Amino acid sequence: MADRILKKEDLGRLIASVNAKGGQFIAPALDARQVVFKPVTKAEEVVTDYIVARNSYKELVFPQTEVVADFTIGKHGVDLKGRDVAPQETIVFGARPCEAVSLSSLRAIFTWDYIDEFYTKREDALVVITVACTKADDVCFCTTVELSPETKTGSDIYLKETESGDYIVEAVTDKGRAFIEKHASAFSEGSAKAKALFIPEKIGTIDLKKISARLKDKSHYDDQVWGRLTRKCIGCGACTFVCPTCHCFDITDEGTAFAGERRKNWDACQFDTFTLHASGHNPRHYQYQRWRNRFMCKFNYYPEKFASKGCVGCGRCIRVCPVRLDITEVMEEFSK
Amino acid sequence: MEEILRKKAKELLESGEVKVVIGYGWNRQRTKTTPVFITDAAEADRLVWNPLCVNNLSVYLTRKFKDIQALGKPAIVAKGCDIKNIVVLITEAQFKRDDVYIIGMTCEGTVYRQELWKGELKPEIMPTKCHNCDVRNPHLADFVVGEKSSFTPPETPTGMVFDKIKAIDAKDQAGKWAFWINEFSRCIKCYACRQVCSLCYCERCITEKNMPQWIETSAHPRGNLSWNLTRAMHLVGRCTFCGECERACPVNIPLNLVNQKMIQVVKDAFDFRSGYDEKTHPPMIVFSPDDKDNFIK
Ligand code: SF4
Ligand code: SF4
Ligand code: SF4
Ligand code: SF4
Ligand code: SF4
């Protein structure tokens, strides 16, 4: 049977087709000397030799800052008008299999006790085209969290690179199939040999079951181990902001005394003000306690509440951390 | 050097002179260095020293790290450039000279980012500060590890940062504005620049004051500009060009250009360079009746 192929010379045609039909095409591209997801209009902008983009594409479904309402304050009180979200069709090309999985994690939280339409409508308009990994670096650990470059969950379309730089196309969801139909002229038929995928070695000393069993027993809370391993954390939000599953936000009002916007901005459990009470008391007084929360969120709260994963093993938090705090070292410790 | 460093750390911990040694250790793969806090003399062998020791560990001496302060008197492994920040902290009364034991490392330079390391320290992977460094022999220390360095910095400072500043200075107002708006537009308000900086030690940063909200926390152009400019202003005459903020920035904003430019401005206006003398107060916090400018009189 012939395969469906996306030829490298047809990538430009696909981008043009998406743009012509009113969609935006997001792909890994160079920005300030690093590979990040950003809108592209030409195939030449797309970088194909990369491990994972520096940022996560979550900003397409959960923007860094967005207006959720407008307010005016008059004589008779506050007038608040909610905004509607009418997202543009958005294609993310070149996602990796690990981060494709993270969408279900975000959906789980944004539809948990309240349906957040700012998220769901955007996700509905998002088509994820994954390119399976043919290389990895020393911090990729998808296989340690039971995923791999072969994982297709979360991808609408799953691509494998061929030796000649083309892609073998597999539609995974109906959304993916509809996308291919809509832009049929960019795809062709043929047969090609896929490049071998690179499957990172599982970190043998890590055992997810043991981690979650140990975290469940809250006696670890004041364990010295947190301080020992994570006291070096300086409490920036870098890891949480690049993480494809981190999802915390803050609501803030901006404007004058009479009118303004209510905005939803990314927030991070690593910030000291995150849990600071008005009284001045902070239940997470020390930075390592804040880091403990990040770990608990990913390996205890998530598995307890949702079927989806808290961490997909993309390694972004390790790459970006100014003090090189490696989450797998903590996973190792809690696997003992 | 590593052996001498470990021996010294062991000694200090065993004698009880210090309770914790803040230094560098390996990550799990032994490919990158990461800060370590040694409280047990038996663990002193975890300390390492090599050109990957980029972090300015002086941040851990600040009051942001109450848990580290609670451990007791620290010794810190510090390069000359890191010691500059310690000097500023002392001049700003964050602690006294005797409150910290400085293990000064003579230094032949570090990499700009650990990711650039391919087993050899070549000039092109070193930051601008190293090419112009006049503190390769630690200028303030209780104990110095390493052979004396004979490096003399060039007469006129050289390197990428200086070249770029010249290029920006040559632009007109609109060009400068466009340059910085474009750079700051990438800011994601993660505050890594602030957190990694030992001179950003305020417990409540102005950006966290929200009654009223002085600086908009949104990462839109207005919010980004006010954040980055305010932070720069708060570092004038204090920043030592250690480069940590630029290194930490996940979106590669060239903060070193701001840092070095401020240093040049302060040098021209006050003939002052921060970080060299722990007994001289920085110009922004002193009042002098014989100030050569008379606007304040
Ligand atoms: S915690 Fe780290 S490795 Fe896990 S998904 Fe987030 S960024 Fe990726
Ligand atoms: S773990 Fe690293 S990136 Fe995350 S908050 Fe701490 S210092 Fe920042
Ligand atoms: S600036 Fe000087 S002391 Fe600092 S790392 Fe470079 S050479 Fe070493
Ligand atoms: S270079 Fe950056 S981190 Fe270093 S002192 Fe200056 S502002 Fe702080
Ligand atoms: S580290 Fe960079 S992205 Fe983060 S707040 Fe500072 S300038 Fe912005």
Side-chain angles (χ1 to χ4, degrees), chain A residues 31-34 36 38 54-55 59 63-67 137-139 203 205 226-228 231-242 250 252-255 257 261 263-268 270-273 276 285-289 316 318-326 328-329 332, chain B residues 20 22 25-29 31-37 39 52 54-55 57 59-60 64-68 70-71 114-115 182-183 186-198 203-205 207-208 210 212-213 216-220 222-223 244-245 247-254:
Chain A
D31 190 18
R33 306 176 302 288
Q34 50 191 5
V36 299
K38 65 176 215 179
R54 180 82 157 178
N55 59 341
E59 63 198 48
Q64 221 282 348
T65 177
E66 83 172 316
V67 182
D137 65 9
D138 64 348
V139 296
I203 303 171
T205 42
W226 294 110
R228 189 157 54 75
R231 118 175 331 141
K232 63 187 171 190
C233 171
I234 55 170
C236 62
C239 54
T240 54
F241 283 11
V242 296
D250 183 33
T252 173
D253 290 345
E254 285 178 2
E261 294 171 337
R263 283 180 172 267
K264 174 177 164 191
N265 290 343
W266 285 358
D267 199 355
Q270 301 306 296
F271 293 157
D272 55 353
T273 46
L276 182 65
H285 186 58
Y286 296 139
Q287 188 58 37
Y288 65 79
Q289 298 168 327
R316 281 191 174 86
I318 308 170
R319 289 183 201 97
V320 84
C321 178
V323 300
R324 206 73 193 181
L325 207 170
D326 185 337
T328 62
E329 291 180 16
E332 230 178 2
Chain B
V20 54
I22 307 172
W26 282 125
N27 65 345
R28 182 164 49 85
Q29 299 94 326
T31 50
K32 305 277 186 321
T33 69
T34 180
V36 291
F37 303 87
T39 48
L52 294 173
V54 291
N55 289 54
L57 301 174
V59 67
Y60 296 119
K64 289 195 281 199
F65 293 87
K66 297 230 160 44
D67 61 315
I68 295 170
L71 296 173
Q114 295 202 55
E115 290 69 22
N182 176 48
E183 293 293 341
R186 288 196 305 278
C187 176
I188 53 172
K189 290 288 182 82
C190 67
Y191 304 122
C193 50
R194 175 189 73 190
Q195 292 305 108
V196 83
C197 177
S198 51
E203 274 161 305
R204 198 80 188 269
C205 173
T207 189
E208 276 149 11
N210 56 4
Q213 186 85 48
E216 290 167 339
T217 54
S218 309
H220 49 38
R222 198 175 58 223
E244 282 291 86
C245 48
R247 184 180 67 81
C249 178
V251 297
N252 281 359
I253 295 177

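Values reported hereafter were calculated over all heavy atoms of this structure, with side chains retained and with hydrogens, waters and symmetry mates removed. In what follows, chains are A, B, ... by sequence order, proteins preceding strands, each numbered from 1. Small disclaimer: the values here were computed from a predicted structure and weren't measured.
With hydrogens and angles disregarded, no donor-acceptor distance shorter than 3.5 Å links the side chain of B/W26 to the backbone of B/T34. Not a single donor-acceptor pair under 3.5 Å links the side chain of A/T65 to the backbone N or O of B/H220. Of the possible polar contacts, one joining the A/Q289 side chain to the A/H285 backbone as a donor-acceptor pair under 3.5 Å is found. A donor-acceptor contact shorter than 3.5 Å links the side chain of A/Q34 to the backbone of B/P250.
Residue A/Q270 does not touch chain B at all, counting heavy-atom pairs closer than 4.5 Å. Residue A/R228 does not touch chain B at all, counting heavy-atom pairs closer than 4.5 Å. Contacts between B/Y191 and chain A at a heavy-atom distance below 4.5 Å involve backbone atoms as well as side-chain atoms. In this structure, the portion of A/D272 lying under 4.5 Å from any heavy atom of chain B is its side chain and not its backbone. Of the two parts of A/D326, only the side chain, counted from C-beta on, holds a non-hydrogen atom closer than 4.5 Å to a non-hydrogen atom of chain B. Using a 4.5 Å cut-off between heavy atoms, A/D267 does not touch chain B at all. With a 4.5 angstrom heavy-atom cutoff, B/Q29 touches chain A only via side-chain atoms. A/A32 touches chain B through backbone and side chain together, each having a heavy atom under 4.5 Å away. Proximity to chain A (any heavy atom under 4.5 Å) is shown, for B/K66, by both the backbone and the side chain. Neither the backbone nor the side chain of A/I318 comes within contact range of chain B; no heavy atom of the residue lies under 4.5 Å from a heavy atom of that chain.
Most heavy-atom pairs under 4.5 Å with chain B: of the set A/T252, A/N265, A/I234, this distinction falls to A/I234. For the set B/S218, B/P254, B/A248, the count of heavy-atom pairs under 4.5 angstrom toward chain A peaks at B/S218. Across B/V59, B/V36, B/I68, B/I22, the residue that shares the most heavy-atom pairs under 4.5 angstrom with chain A is B/I68. For the options A/P322, A/G227, A/C321, heavy-atom pairs under 4.5 Å to chain B are most numerous at A/P322. Options A/E329, A/R263, A/R231 differ in how many heavy-atom pairs under 4.5 Å they form with chain B, and the most are formed by A/R231. Between chain B and the residues A/V320, A/V323, A/L325, the most heavy-atom pairs under 4.5 angstrom are made by A/V323. Counting heavy-atom pairs closer than 4.5 Å to chain B, the top-ranked of the candidates A/Q287, A/E66, A/R319, A/R54 is A/R54. Here B/C190 is the residue among B/C190, B/A192, B/A219 with the most heavy-atom pairs under 4.5 Å with chain A. Of the listed residues B/E203, B/R186, B/K64, the one with more heavy-atom pairs under 4.5 angstrom with chain A than any other is B/R186. Contact tally against chain A (heavy-atom pairs below 4.5 Å) for B/N27, B/T217, B/T39, B/V54: the top residue is B/T217.
Here the closest heavy-atom approach between residue B/N252 and residue B/E183 is recorded as O-OE1, 4.2 Å. Residue A/F241 comes nearest to B/I188 through the heavy atom pair CE2-O, 3.1 Å, listed as atom of the first residue, atom of the second, then distance. Residues A/F271 and B/K189 share a closest heavy-atom pair of CZ-O, 4.1 Å. Shortest non-hydrogen contact noted between A/P63 and A/W266 is O-NE1, 3.2 Å. In terms of heavy-atom proximity, B/N55 sits nearest to B/E244 at CA-OE2, 3.5 Å. Heavy atoms only, all atoms of each residue included: B/C249 and B/I253 are closest at SG-N, 3.5 Å.
Residues A/W226 and A/Y286 are not in side-chain contact: their nearest non-hydrogen atoms beyond the backbone lie 4.5 Å or more apart.
Between B/E115 and B/R247 there is no salt bridge, since none of the side-chain N atoms of the basic residue sits less than 4.0 Å from a carboxylate O of the acidic one.
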